[in-house]
Protein chains: 2
Amino acid sequence: MGETEQIVRQMSEKGLRITEQRRTLAQLFAEAPGYLTPKDVYDHMQRFYPGLSFDTVYRNLRVMLDLGVVEQFAFEEGVKFKLSCEEPHHHHHMICLQCEKTLPIRSCPMPATDVPGGFQVVKHKFEVYGYCSECREPEGESAVAEGEKA
Amino acid sequence: MGETEQIVRQMSEKGLRITEQRRTLAQLFAEAPGYLTPKDVYDHMQRFYPGLSFDTVYRNLRVMLDLGVVEQFAFEEGVKFKLSCEEPHHHHHMICLQCEKTLPIRSCPMPATDVPGGFQVVKHKFEVYGYCSECREPEGESAVAEGEKA
DNA sequence: TTTGGTGCAAAATCTTTGCATAATA
DNA sequence: TATTATGCAAAGATTTTGCACCAAA
């Protein structure tokens, strides 16, 4: 699993010093399936560095965000982070409501969308939420397969 | 413009007492073109009620949210509110980056989206950002018409 | 007059900043 | 050894809560 080292190298190349915390942080993001809140990051790191402070977590998240190593996402419950997509092409995501893992959707709805005249499109967002194959209920328990909902 | 009264009645029917603040709040949302932050709301209301406190704003936003009178939206910059869509049918939005006004998109990309097997779709989000006819630059100044962008 | 709303103050979160110390390159 | 990163403490910013008083119904 060289993903961690790849992230570390990416940070190093951009002028950051590689501290133990940052290496652990890189590994955390490399192995995390979904999105992480600053608190998730803190809790995880804290196990390795008992003296860790929250401001270091925020500072490193900020730096990694500025460097493009991670991406930030504003959920209703708050801000979360994940590794930047390696996918070079334009794509969208399916996000698992259980494990928060993201899967790429390569088709883009934009070309087929009828934009009322006069509106100048700059960017768009398309996200599908649901349960991935590992997290979906085995049976049809409370499986409300409501594909239609805002 | 009976929109304000319509909102007020909606609140009243659901058991809320109609205070002057709430009437002003209803009017504010009825007339606001785009999204409002709690601070926007506070600043506006403050002009009419100098003694207004922030907690009242938050409490009323919460109540109106629970009642479905307004909708909450998590932007990167923070949480914002707007009147709930009157549109009864499933739809999506174009959001103006300048005035934040929202316009409905009635076509839904979901049916045409190829969802990888195993993923159980629960809900989705599709939003188009850009400039509405009133806010778009008159000429092609820095009009980067880049319809393609994450 | 009863129930719910408001202002005030204070607390609880969440995030950022200044500064001395410690660690990387 | 020259910066840069960290921990600590404190400050900001945002949002919530308890309580006494006031107002709508």
Side-chain angles (χ1 to χ4, degrees), chain A residues 4-5 7-29 35-67 69-70 72-81, chain B residues 4-5 7-28 35-67 69-81:
Chain A
T4 302
E5 283 311 313
I7 299 167
V8 166
R9 180 154 40 80
Q10 204 178 147
M11 293 198 285
S12 176
E13 278 169 1
K14 289 180 177 168
L16 293 195
R17 293 189 175 174
I18 305 309
T19 62
E20 286 209 34
Q21 275 99 327
R22 282 178 176 166
R23 194 175 296 277
T24 304
L25 200 49
Q27 188 179 356
L28 172 58
F29 275 107
Y35 292 82
L36 299 170
T37 63
K39 183 162 191 313
D40 289 338
V41 174
Y42 176 77
D43 289 345
H44 176 89
M45 301 264 300
Q46 239 255 350
R47 297 213 299 269
F48 302 92
Y49 307 96
L52 182 74
S53 56
F54 242 112
D55 48 80
T56 297
V57 171
Y58 277 108
R59 267 188 292 234
N60 278 325
L61 286 176
R62 169 72 67 96
V63 168
M64 291 171 83
L65 184 67
D66 291 346
L67 257 52
V69 176
V70 297
Q72 189 179 14
F73 194 101
F75 286 89
E76 299 282 327
E77 326 87 65
V79 171
K80 299 185 182 181
F81 299 83
Chain B
T4 303
E5 284 310 313
I7 299 166
V8 166
R9 181 154 41 80
Q10 205 178 144
M11 293 198 285
S12 176
E13 279 169 0
K14 289 180 177 169
L16 292 195
R17 291 188 178 176
I18 305 308
T19 62
E20 285 209 36
Q21 275 98 329
R22 283 180 176 165
R23 196 174 295 277
T24 304
L25 200 51
Q27 189 179 354
L28 171 59
Y35 292 82
L36 299 169
T37 64
K39 184 162 190 315
D40 290 337
V41 173
Y42 176 76
D43 289 345
H44 176 89
M45 301 265 299
Q46 239 256 347
R47 297 212 299 270
F48 302 92
Y49 308 96
L52 183 74
S53 56
F54 240 113
D55 48 80
T56 297
V57 171
Y58 277 109
R59 267 187 293 233
N60 278 324
L61 286 175
R62 168 72 68 95
V63 168
M64 292 170 82
L65 183 66
D66 291 345
L67 257 50
V69 176
V70 297
E71 287 174 5
Q72 188 179 13
F73 196 101
F75 287 90
E76 298 282 327
E77 325 88 65
V79 171
K80 298 186 183 181
F81 297 83

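Residue numbers begin at 1 in each chain, while the letters A, B, ... track the order of the sequences. Side chains are part of it too, since the values below use all heavy atoms of this structure and drop only hydrogens, waters and symmetry mates.
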Check DNA chain C against residues 44-54 of chain B and give the residues with a non-hydrogen atom under 4.0 Å, in numerical order.
->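 Result for residues 44-54 of chain B: B:G51, B:L52, B:S53, sorted by number.
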
When the C1' atoms of the five terminal pairs at each end define the local axes, what inter-axis angle does the helix from C:dT1-D:dA25 to C:dA25-D:dT1 show, to 10 degrees?
->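 Between the first-five-pair axis and the last-five-pair axis there is 40°.
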
Report the distance from atom [atom1] of [X] to atom [atom2] of [N], rounded to the nearest whole Å.
| X | N | atom1 | atom2 | result |
| --- | --- | --- | --- | --- |
| B:Q72 | D:dT15 | CD | P | 9 Å |
| B:D43 | D:dT14 | CG | P | 11 Å |
| A:N60 | D:dT4 | CG | C1' | 11 Å |
| A:Y58 | D:dA13 | OH | C1' | 12 Å |
| A:L25 | D:dA5 | CG | P | 13 Å |
| B:R9 | D:dA24 | CZ | C1' | 19 Å |
| A:Y42 | C:dT15 | OH | P | 14 Å |
| B:R22 | C:dG5 | CZ | C1' | 6 Å |

Would you say a side-chain N or O of B:Q21 is under 4.0 Å from OP1 or OP2 of C:dG7?
->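 The answer is yes; a side-chain N or O of B:Q21 sits under 4.0 Å from OP1 or OP2.
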
Check whether any side-chain nitrogen or oxygen of A:T56 sits under 4.0 Å from OP1 or OP2 of D:dA5, and answer yes or no.
->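 Looking at the OP1 and OP2 atoms of D:dA5, neither is under 4.0 Å from any side-chain N or O of A:T56.
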
Picking from D:dT6, D:dT16, C:dG7, which would you name as closest to the side chain of B:R62?
->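 Looking only at side-chain atoms, B:R62 lies closest to D:dT16.
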
Side chain of B:D55 (C-beta onward), nearest among C:dA9, D:dT6, C:dT16 |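 Of the options given, the side chain of B:D55 lies nearest C:dA9.
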
Give the minimum heavy-atom separation between [X] and [Y], together with the two atoms involved.
| X | Y | result |
| --- | --- | --- |
| B:Q21 | B:Y49 | N-OH, 3.8 Å |
| B:T4 | B:R23 | CG2-O, 4.0 Å |
| A:A74 | B:E76 | N-OE2, 3.8 Å |
| A:V41 | A:L28 | CA-CD2, 3.9 Å |

Does some side-chain heavy atom of A:K14 sit less than 4.5 Å from a side-chain heavy atom of A:Q10?
->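 Sidechains of A:K14 and A:Q10: in contact.
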
Which distance, rounded to the nearest 0.5 Å, do you find between the [atom1] of [X] and the [atom2] of [Y]?
| X | Y | atom1 | atom2 | value |
| --- | --- | --- | --- | --- |
| A:K80 | A:D40 | NZ | CG | 7.0 Å |
| B:D66 | B:Q72 | CG | CD | 10.0 Å |
| A:Y35 | A:F73 | OH | CZ | 5.0 Å |

Can you establish whether the number of heavy atoms outside A:E77 located under 6.0 Å from its atom CD is more than 12?
->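 Yes, CD of A:E77 has more than 12 neighbouring heavy atoms, counting only those of other groups under 6.0 Å.
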
For nucleotides 19-25 of chain C, read 5' to 3', which letter fits each nucleotide if B means a protein heavy atom sits under 4.0 Å from the base, S means only the sugar-phosphate is that close, and - means neither?
-> ----BBS

Steps toward salt bridge (charged side-chain N to carboxylate O under 4.0 Å, His left out) verdict (A:D43, A:K39) = CA-CA 6 Å; A:D43 289 345; A:K39 183 162 191 313; 2.8 Å; yes

Short side-chain to backbone donor-acceptor contact, B:R22 and B:R17, under 3.5 Å =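 Yes, B:R22 side chain to B:R17 backbone: donor-acceptor pair under 3.5 Å.
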
Indicate the ring-plane relationship of A:F54 and A:Y42, choosing parallel, tilted or perpendicular according to the 30° and 60° boundaries.
->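 Ring orientation, 0 to 90° scale: parallel.
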
